[in-house]
Amino acid sequence: MIHAGITISLDGFVAGPNWGPGRGLGDGGERLHYWVFGGPWSYENPSSGHDLHPVDAQVIAEMNQAGAAIVGRGMFDAAGQWGGENPFASPIFVLTNRVTDDLPTAFTYVTGAEEALRQARETAGDRPIGIGGGADVIRQYLRMGVVDRLSITIAPVVLGGGTALFDGTFQADLDLVDCRTSPLATHLTYDIRR
């Protein structure tokens with residue numbers, strides 16, 4: 001199973017304005033992921049000291065069941081390349097068009113969406129493959145028609161601008177298979193109809 005998942009604001013943005021390397025998720029964008037840290041955090045002060053809500057903790061535990069994950073270079077760089085250490089429970093394939101010698105060795109860098117998926121399938125075996133952000137990566141795999149399940153976590157914030165998840169290049173009928181809420185997020189999971 002290929003499972004794409006991402007967090008958006010109520011107005012549909014996955015990052016605020018001015019996101020990028022050294023600017024994280026852009027203006028106000030860290031608020032999108034308060035649910036992951038149990039409350040306020042920032043790239044400058046990632047240690048939140050908050051307890052996760054049980055619903056959010058369960059969603060994170062389920063995400064960690066993936067046998068491999070694919071993320072985009074934009075997300076990877078905006079997150080400061082996670083300090084060169086893989087913070088996730090599965091191997092990460094970074095989809096990029098620029099592979100340089102100075103990249104951290106804790107990740108695998110792949111230059112094409114189909115090749116990244118092929119390598120992730122080999123690595124994951126019978127376990128699911130997670131497709132993470134950014135929006136461009138998720139849109140690529142949705143347009144390829146390979147995503148079985150789409151999870152959208154809606155943070156209770158309005159960013160007013162930034163990077164939208166959908167850009168009008170993908171249409172689908174979806175079946176809601178799960179809906180859970182916490183004070184910091186509404187987690188919606190859909191199967192994509194074929």
- Query: What residues, two or more places apart in sequence or in another chain, satisfy side-chain hydrogen bond (donor to acceptor under 3.5 Å, both in side chains) together with Arg121?
  - Reply: none
- Asp56 side chain to Ser182 side chain, donor-acceptor N/O pair below 3.5 angstrom: yes
- Glu62: partners by side-chain hydrogen bond (donor to acceptor under 3.5 Å, both in side chains), with sequence neighbours left out: Arg180
- Note on the structure: residues 126-178 vs ring-ring contact (aromatic ring centres under 6.0 Å, His included), sequence neighbours excluded, gives none
- Message: Distance alone, cut at 3.5 Å: any donor-acceptor contact between the side chains of Gln81 and Asp77?
- Response: yes
- Tell me, please, which residues at least two apart from Asp175 pass salt bridge (Lys or Arg N to Asp or Glu O under 4.0 Å). Arg193
- Is there any ring-ring contact (aromatic ring centres under 6.0 Å, His included) pair reaching into residues 172-194, and which pairs are they, with sequence neighbours excluded? Trp35-His187
- Only counting residues at least two apart or in another chain, list the ones meeting side chain to side chain contact (heavy atoms under 4.5 Å, CB included) with Thr189. His3, Arg149, Ser151, Val177, Asp178
- Message: Under 4.5 Å side-chain heavy-atom separation, chaining through any Ile, Leu, Val, Met, Phe, Trp or Tyr, what else clusters with Val55? Say none if it is isolated.
- Response: none
- Item | With sequence neighbours excluded, residues passing salt bridge (Lys or Arg N to Asp or Glu O under 4.0 Å) with Arg127 | none
- Just jot down the salt bridge (Lys or Arg N to Asp or Glu O under 4.0 Å) partners of Glu122, sequence neighbours excluded, or say none. Arg118
- Considering all heavy atoms of both residues, which atom of Ile6 and which atom of Gly134 are nearest to each other, and what is their separation? CD1-C, 4.1 Å
- Query: What residues form a side chain to side chain contact (heavy atoms under 4.5 Å, CB included) with Ala135, not counting sequence neighbours?
  - Reply: Val14, Arg139, Thr163, Leu165
- Message: Before you tell me yes or no, could you show the steps for Ile131 and Ile129 under side-chain contact (heavy atoms from CB on, under 4.5 Å), namely the whole-Å CA-CA distance, both residues' side-chain angles and the distance that decides it to 0.1 Å?
- Response: CA-CA 7 Å; Ile131 307 291; Ile129 295 168; 4.3 Å; yes
- Query: How would you list, by chain and number, every residue that makes a salt bridge (Lys or Arg N to Asp or Glu O under 4.0 Å) with Asp27, sequence neighbours excluded?
  - Reply: none
- Could you list all the ring-ring contact (aromatic ring centres under 6.0 Å, His included) pairs where at least one residue sits in residues 74-95, not counting sequence neighbours? Phe76-Trp82, Phe76-Phe107, Phe76-Tyr109, Trp82-Phe88, Trp82-Phe107
